[in-house]
K.L.:
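Would you mind keeping the following structure in view while I ask a few things?
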Amino acid sequence: MATKKSGAKKTTSQASSSVRSKKSANVSNTKSTAKSDKAAEQILIRRAKSTNWLSILESVVVGVLGVFLITNPNWITQIIFYIIGIFLMVKGVYKIVNYFVIHGKSDFYNNDLLYGVIALIFGILIVVLWEKLSDAIGIVVGAWMIYGALVRLNAAIKLHAVGAKNWFYVLLLSLLMLALGIYLIIYAGAGFIVQVVGAVMIIAAIVGVIDDAVYMKELSELSK
C-alpha cells in the first residue's frame, strides 16, 4: 500500500510539475508575442512619422508657392507644377515601397499602394503636361488638396480605430482641406483669378501643417 501511495504521489507531483511547466511556457510565449507585437507597432509608428514629416514639408512648400503665386504669378506657374509633381512622385514611390515593406497587402486597412500609385501617376502627368495644364492651375491644385485630404481622412480613421483621443480634430481638418479643394476646382471651372488660387494654397498649407502636427502628436502618444 505504501508503495502504491508513493507512486501516486510521484505521479501527482509529475503532473503538477508538467502543468506548471506548460503554464510557464504559455506565459513566456505570451510575453514574447506581446514584445514582438510592440516592436512591430513601434516600427509602423516610426514609418508613419517619417511619412508625416514629408507631408508637413510639402504643406510648407505649397504655402510658400502660394505666396509667390500672389506676388509674382507670371513666372512661378511652371515652378509650382514641377514642385507639386516631384513631391507627388516622391510620395507615391515612398508609399508603394512602404506598402510592400510592411506587408500591407495582408492588412485590409492599408491603402498605401492605392494612394502611392495615384500620387505617382498624378505627379508624372503634372511634370510632363505642365504647359497644357497651366491654364488649369486651380483645378490641379484643387485636385492635389483633395488627394491630401483623402490621405489625412484615412489617417483619422486609423487613429479612431486605435483609440486615439484627438482623432476627431484630424478628421475635421481633413474635411476642411477637402472642402477647399472642391471649392478651388469649382471656382477654377467658372473662371478664376490666380491670386485666389495662391490664397487658397496658403490656407490649405496652414490647415495641412496643423492637421499633420495633431497627427504626429497622436503618434507620439501611441508610441509611449
Side-chain angles (χ1 to χ4, degrees), residues 33-67 84 87-88 90-119 122 141-185 199-224:
T33 302
K35 287 181 179 178
S36 178
D37 290 343
K38 185 67 176 178
E41 181 182 320
Q42 292 296 325
I43 291 172
L44 291 176
I45 289 174
R46 284 198 298 270
R47 285 177 177 150
K49 282 184 176 180
S50 64
T51 304
N52 204 56
W53 279 116
L54 182 62
S55 295
I56 291 175
L57 178 60
E58 181 181 350
S59 294
V60 170
V61 171
V62 170
V64 172
L65 292 175
V67 173
I84 292 179
F87 258 108
L88 286 173
V90 171
K91 182 180 285 188
V93 171
Y94 181 88
K95 284 188 172 294
I96 292 170
V97 172
N98 197 50
Y99 173 85
F100 289 105
V101 168
I102 66 172
H103 305 294
K105 52 180 181 276
S106 61
D107 181 359
F108 181 76
Y109 297 102
N110 192 318
N111 299 309
D112 277 356
L113 181 61
L114 174 62
Y115 289 132
V117 170
I118 292 173
F122 193 39
V141 174
W144 164 79
M145 290 181 190
I146 291 172
Y147 168 81
L150 292 176
V151 173
R152 288 172 171 86
L153 281 171
N154 184 57
I157 292 170
K158 288 183 177 180
L159 287 177
H160 176 59
V162 297
K165 58 183 178 180
N166 291 322
W167 71 273
F168 180 74
Y169 298 108
V170 178
L171 177 68
L172 189 63
L173 291 166
S174 302
L175 291 173
L176 178 56
M177 180 174 284
L178 181 65
L180 287 170
I182 293 172
Y183 165 78
L184 200 53
I185 288 177
V200 175
M201 287 173 67
I202 295 170
I203 296 171
I206 295 171
V207 171
V209 169
I210 296 173
D211 196 13
D212 291 329
V214 175
Y215 180 58
M216 186 77 78
K217 182 177 181 296
E218 289 305 305
L219 288 178
S220 298
E221 291 293 328
L222 291 173
S223 64
K224 292 180 180 178

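We're numbering straight along the sequence, starting at 1. These numbers come from the heavy atoms of this one structure, side chains and all, not from hydrogens, waters or symmetry mates.
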K.L.:
Which pair of heavy atoms, one from S59 and one from A205, lies closest together, and at what distance?
P.N.:
O-CB, 3.0 Å

K.L.:
For V170 and A156, work out which heavy atoms get closest and say how close.
P.N.:
CG1-CB, 3.8 Å

K.L.:
What verdict does the side chain to side chain contact (heavy atoms under 4.5 Å, CB included) test give for L65 and V61, after you've listed the backbone C-alpha separation in whole Å, the side-chain angles of each residue and the deciding distance to 0.1 Å?
P.N.:
CA-CA 6 Å; L65 292 175; V61 171; 4.1 Å; yes

K.L.:
Carefully, step by step, assess F87 and V62 under the rule side chain to side chain contact (heavy atoms under 4.5 Å, CB included).
P.N.:
CA-CA 10 Å; F87 258 108; V62 170; over 6 Å; no

K.L.:
Over 60° means perpendicular and under 30° means parallel, so classify the ring planes of W167 and H160, tilted if in between.
P.N.:
tilted

K.L.:
Measure across M177 and G148 and return the closest heavy-atom pair with its distance rounded to 0.1 Å.
P.N.:
SD-C, 4.2 Å

K.L.:
Carefully, step by step, assess V141 and V200 under the rule side chain to side chain contact (heavy atoms under 4.5 Å, CB included).
P.N.:
CA-CA 9 Å; V141 174; V200 175; over 6 Å; no

K.L.:
Hey, are the side chains of Y169 and K217 touching, using non-hydrogen atoms and a 4.5 Å cut-off?
P.N.:
no

K.L.:
When rounded to the nearest 0.5 angstrom, what is the spacing between CZ in F122 and NZ in K91?
P.N.:
12.0 Å

K.L.:
Give me the atom names and distance for the closest heavy-atom approach of K165 to E218.
P.N.:
N-OE1, 3.4 Å

K.L.:
Working to the nearest 0.5 angstrom, can you tell me the gap between I146 CD1 and I185 CD1?
P.N.:
3.5 Å

K.L.:
Just how far is it from atom CD1 of I210 to atom CD1 of I56, taken to the nearest 0.5 Å?
P.N.:
11.5 Å

K.L.:
Run the side chain to side chain contact (heavy atoms under 4.5 Å, CB included) check on V151 and K95 step by step: do they pass?
P.N.:
CA-CA 11 Å; V151 173; K95 284 188 172 294; 4.2 Å; yes

K.L.:
Give me the one residue out of L178, D211, L153 that meets side chain to side chain contact (heavy atoms under 4.5 Å, CB included) with L173.
P.N.:
D211

K.L.:
What's the separation between atom CG in D212 and atom OG in S174, rounded to the nearest 0.5 Å?
P.N.:
8.5 Å

K.L.:
Starting at CG of L176, measure out to CZ of R152 and round the result to the nearest 0.5 Å.
P.N.:
11.0 Å

K.L.:
Nearest 0.5 angstrom please: L172 CG to N166 CG, how far?
P.N.:
12.0 Å

